Amino acid sequence: MKSKLNLDQKVVDSARQHAANIAHDMQEFIDRHTTVSTERTIVRLLGVDGVDDVDTPLPNVVVDQIKDAGALPTGAAYLMGNAMVQTGKTPQEIAEDMAAGKLDITKLPTCTQEEAAEALKPVIKKTFEKIDAQIAKRKEYLSTIGEGPEPYIYVIVATGNIYEDVVQAQAAARQGADVIAVIRTTAQSLLDYVPYGPTTEGFGGTYATQENFRIMRKALDEVGEEVGRYIRLCNYSSGMCMPEIAAMGALERLDMMLNDAIYGILFRDINMQRTLVDQFMSRVIIGYCGIIFNSGEDNYLTTDDAIEAAHTVTASQFINEQFAVLANIPEEQMGLGHAFEMDPSTEDGFLLELAQAQMAREIFPKARLKYMPPTKFMTGNIFRGHLQDALFNLVTVWTHQSILLTGMLTEAIHTPFMQDRYLSIENAKYIFNNCRHIGDEIEFKEGGIIQSRAHEVLKKADDLLAEVIGRVDADGVAGVHARALHVFHNAWNEHVCPVANRVYLNFFSDDVFIHQHWLVLINFNGGFQVVAQTLFVRHNLHCPAAQNIAGTHQYRISNLLCRTNSVLHFGHGFSVWLGNFQFLHNFFKRVPVFGPLNCVTVCSNELNAPFL
């Protein structure tokens with residue numbers, strides 16, 4: 001898109017390069033580790049659900065047994081596959097036996113990795129048939145009844161009772177909302193399990209459970225058919241169970257998920273290493289399912305000055321973009337966040353807000369930018385608050401933001417009533433309609449307040465990212481800096497551990513051999529099969545990942561080079577490993593074609609080396 005701000009593309013490229021280097025350094029750590037929540041996600045995707053007699057979720061029962069036996073590095077997938085071979089039971093039956101104290105899967109005789117993988121194939125197929133059906137259903141709705149125009153009008157329901165949430169959500173859809181976000185109950189992000197079943201009590205929100213997702217999805221489909229447009233559902237894939245909730249969202253057709261490890265680090269004090277590993281797993285799932293993730297940069301401005309700290313938002317957007325690239329998320333699914341949070345008493349504050357929003361759109365032209373309303377300076381004066389929201393709405397449509405979280409005139413007084421939500425939606429619709437093409441008509445003064453402000457913030461963001469590059473610990477995990485909030489993480493957590501034994505499997509090759517010294521031979525006999533999914537093998541042991549040189553994203557970073565013979569595309573067949581969180585990542589990884597392939601060999605003497 002044409003720049004109205006005359007941004008220096010060299011500075012943009014520099015900032016993006018720094019962010020790519022930060023994300024890549026972190027990815028090297030991520031690739032070597034798994035977590036309890038990542039392994040629970042694998043268990044859920046193998047079809048395990050439900051709770052035991054004291055309401056402990058069965059995925060927790062399974063993974064806790066594995067962890068307590070010191071077998072977490074082996075990975076839940078192999079152990080479950082082995083248990084299927086040894087017992088002849090399904091993963092659900094195995095989990096129920098474990099909960100009843102009848103089975104310890106870490107003490108069973110062991111089969112070969114090929115046998116375990118073969119046992120898992122039908123279970124995996126069944127899960128992805130469910131997910132693919134949900135993806136197809138969304139596409140069907142969008143192609144038939146359609147959806148509202150961008151900016152999407154996004155509203156929140158948060159009663160604590162899922163059935164009351166349904167009433168309010170359907171009312172909001174009839175009033176004009178395009179996205180319904182069900183806010184989670186306070187502090188659910190710090191629970192190391194996902195509650196089970198429908199819930200009717202919460203604190204400042206409603207528990208995120210798979211059954212609650214199912215109830216709300218059904219309700220929004222019904223009202224969407226009534227009003228003649230698809231209503232998107234949003235919830236939170238964040239906190240201690242980030243990837244598990246992403247998996248549940250995939251199975252129940254959520255459309256947006258708040259998903260940002262940096263937010264959890266800064267505002268929930270979650271172990272940094274663990275949550276970065278979990279974020280990667282969750283984003284691989286999100287990317288595959290067509291879910292838009294929302295990052296949490298807007299929160300920085302609730303604890304810092306929005307004028308002085310604006311560059312931290314831009315820097316974080318660059319980093320979140322590059323984390324998304326590594327998880328193979330298209331730009332159109334990157335809901336990078338920012339907010340209208342400057343002090344309204346600031347002279348020309350509107351111009352500064354306009355500069356920040358326009359800059360975000362020009363730097364990330366295809367991203368589904370999520371713009372958050374004023375909250376910090378809402379006083380309870382509903383008339384002034386309504387005007388603040390109107391200016392926010394004007395910036396939103398002017399700068400072509402994608403998602404507008406509607407501001408509430410009663411912010412700082414109480415949880416919105418349905419009539420408050422109606423007034424806010426009416427405010428947004430009025431301004432969107434009357435100013436729909438204002439951004440196409442107005443240019444900015446050369447060297448004026450708006451352009452100068454954007455240049456200043458971009459330069460500060462680039463400098464900040466360069467500073468972070470200089471603060472990387474021995475594990476390759478970079479420090480995160482948000483003004484007064486400095487984080488330099490090098491803390492160990494018992495729930496984070498290096499991955500060890502893996503199951504390697506190529507579902508559509510002729511032969512798979514695993515040498516005793518971890519030499520992997522995959523013989524295709526010169527032929528490739530075409531299947532529905534596109535899954536591929538990634539880099540060798542000593543080359544960076546392939547995401548920098550291929551795929552749909554236009555900002556692949558050229559200096560993270562890898563040799564062409566280390567990245568191989570098997571037509572529409574795929575190779576995956578099944579032992580840790582890398583399972584799904586490789587399940588969805590897209591890489592370029594470099595020519596015919598008869599054999600792949602990979603070897604390592606280190607059990608925790610990240611080889612694929």
Side-chain angles (χ1 to χ4, degrees), residues 30 33-41 43-44 51-52 54-64 67-68 72 156 158-162 165 181-197 199-213 234-249 254 257-283 285-286 293-300 302-303 337 415 477 480 482 485 487 489-497 581:
I30 291 167
H33 293 82
T34 188
T35 74
V36 289
S37 40
T38 290
E39 295 300 328
R40 291 197 301 258
T41 305
V43 172
R44 286 183 180 275
V51 294
D52 67 9
V54 292
D55 288 338
T56 303
L58 293 182
N60 287 68
V61 172
V62 172
V63 173
D64 285 351
K67 177 177 68 71
D68 292 344
L72 195 64
I156 289 168
T159 70
N161 182 327
I162 188 59
D165 286 343
V182 183
I183 296 295
R184 285 193 305 185
T185 187
T186 300
Q188 185 178 347
S189 60
L190 298 178
L191 297 180
D192 207 0
Y193 67 94
V194 181
Y196 182 76
T199 63
T200 57
E201 295 181 352
F203 307 92
T206 304
Y207 282 99
T209 74
Q210 188 165 342
E211 182 60 24
N212 284 349
F213 289 176
C234 177
N235 210 289
Y236 287 67
S237 171
S238 59
M240 304 288 278
C241 299
M242 184 185 290
E244 290 184 85
I245 295 177
M248 296 189 308
L254 268 69
M257 303 201 86
L258 285 82
N259 179 262
D260 190 346
I262 299 175
Y263 172 82
I265 293 167
L266 295 177
F267 295 95
R268 293 293 181 266
D269 199 27
I270 294 173
N271 175 275
M272 303 152 223
Q273 294 177 338
R274 169 176 173 168
T275 196
L276 287 166
V277 174
D278 287 343
Q279 176 181 265
F280 177 70
M281 177 65 169
S282 63
R283 288 196 177 178
I285 297 169
I286 284 169
F293 80 83
N294 297 156
S295 56
E297 286 84 4
D298 56 284
N299 294 280
Y300 301 170
T302 64
T303 55
T415 300
V477 181
V480 180
L485 298 170
V487 181
H489 38 290
N490 195 23
W492 179 251
N493 184 299
E494 65 171 337
H495 300 311
V496 183
C497 68
F581 72 97

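If you read the sequence from its start, that first residue is 1, and numbering goes on from there. Remember, predicted model here, so these are calculated numbers, not experimental data.
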- Just do the side-chain contact (heavy atoms from CB on, under 4.5 Å) check on Leu258 and Cys234 with the steps written out, would you? CA-CA 8 Å; Leu258 285 82; Cys234 177; 3.3 Å; yes

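For the 3.5 Å distance criterion, the side chains of Arg184 and Ser238 qualify, holding a donor opposite an acceptor. Side-chain atoms of Glu297 and Ser295 include a donor-acceptor pair closer than 3.5 Å.
Here the side chain of Gln188 pairs a donor or acceptor atom with the backbone of Ala208 at under 3.5 angstrom. Put simply, the side chain of Thr41 gets close to the backbone of Glu244: a donor and an acceptor are under 3.5 Å apart. With hydrogens and angles ignored, the 3.5 Å screen pairs no side-chain donor or acceptor of Ser282 with any backbone N or O of Ala246. A distance-only check finds a donor-acceptor pair linking the side chain of Asn212 to the backbone of Tyr207 [under 3.5 Å]. Formation of a donor-acceptor pair under 3.5 Å by the Glu39 side chain with backbone atoms of Val63 is not found in this model. Between the side chain of Asn259 and the backbone N or O of Ser237 there is at least one donor-acceptor pair closer than 3.5 Å. The backbone N or O of Tyr300 lies less than 3.5 Å from a partner atom in the side chain of Thr303, making a donor-acceptor pair.
Annotation: side chain of Phe213 is in contact with side chain of Leu254 (closest heavy-atom distance under 4.5 Å). No side-chain heavy atom of Tyr196 sits less than 4.5 Å from a side-chain heavy atom of Pro57. For the pair Met240/Asp278, no side-chain contact is recorded, criterion being any heavy-atom separation below 4.5 Å from C-beta on. Looking only at side-chain heavy atoms (C-beta outward), Ile270 and Leu190 come within less than 4.5 Å of each other. The closest side-chain heavy-atom distance from Thr38 to Phe280 is not below 4.5 Å. Looking at Ser37 and Arg274, their side chains come closer than 4.5 Å, going by heavy atoms from C-beta outward. Counting heavy atoms from C-beta on, the side chains of Val194 and Gln210 never come closer than 4.5 Å.
Rounded to the nearest 0.5 angstrom, Ile183 CD1 and Asn235 CG are separated by 8.0 Å. Considering CD1 of Ile245 and CZ of Arg44, their distance stands at 8.5 Å, rounded to 0.5 Å. Note that CG of Asp298 and OH of Tyr263 are 8.5 Å apart. Values are rounded to the nearest 0.5 Å. Remark: Asn294 CG to Asp260 CG distance equals 10.0 Å, nearest 0.5 Å.
Closest of all the heavy-atom pairs between Glu211 and Gly197 is CB-C, 3.6 Å. Taking every heavy atom of both residues into account, Thr302 and Asn299 meet most closely at OG1-O, 2.7 Å. Considering every non-hydrogen atom in both Ala261 and Leu276, the closest pair reads CB-CD2, 4.0 Å. Across all their heavy atoms, Leu72 and Thr35 have their closest contact at CD2-C, 4.3 Å. Smallest separation of non-hydrogen atoms from Ile162 and Thr206: N-CG2, 4.0 Å.
With respect to the salt-bridge test (charged N to carboxylate O, under 4.0 angstrom), the residues Arg40 and Asp192 qualify.
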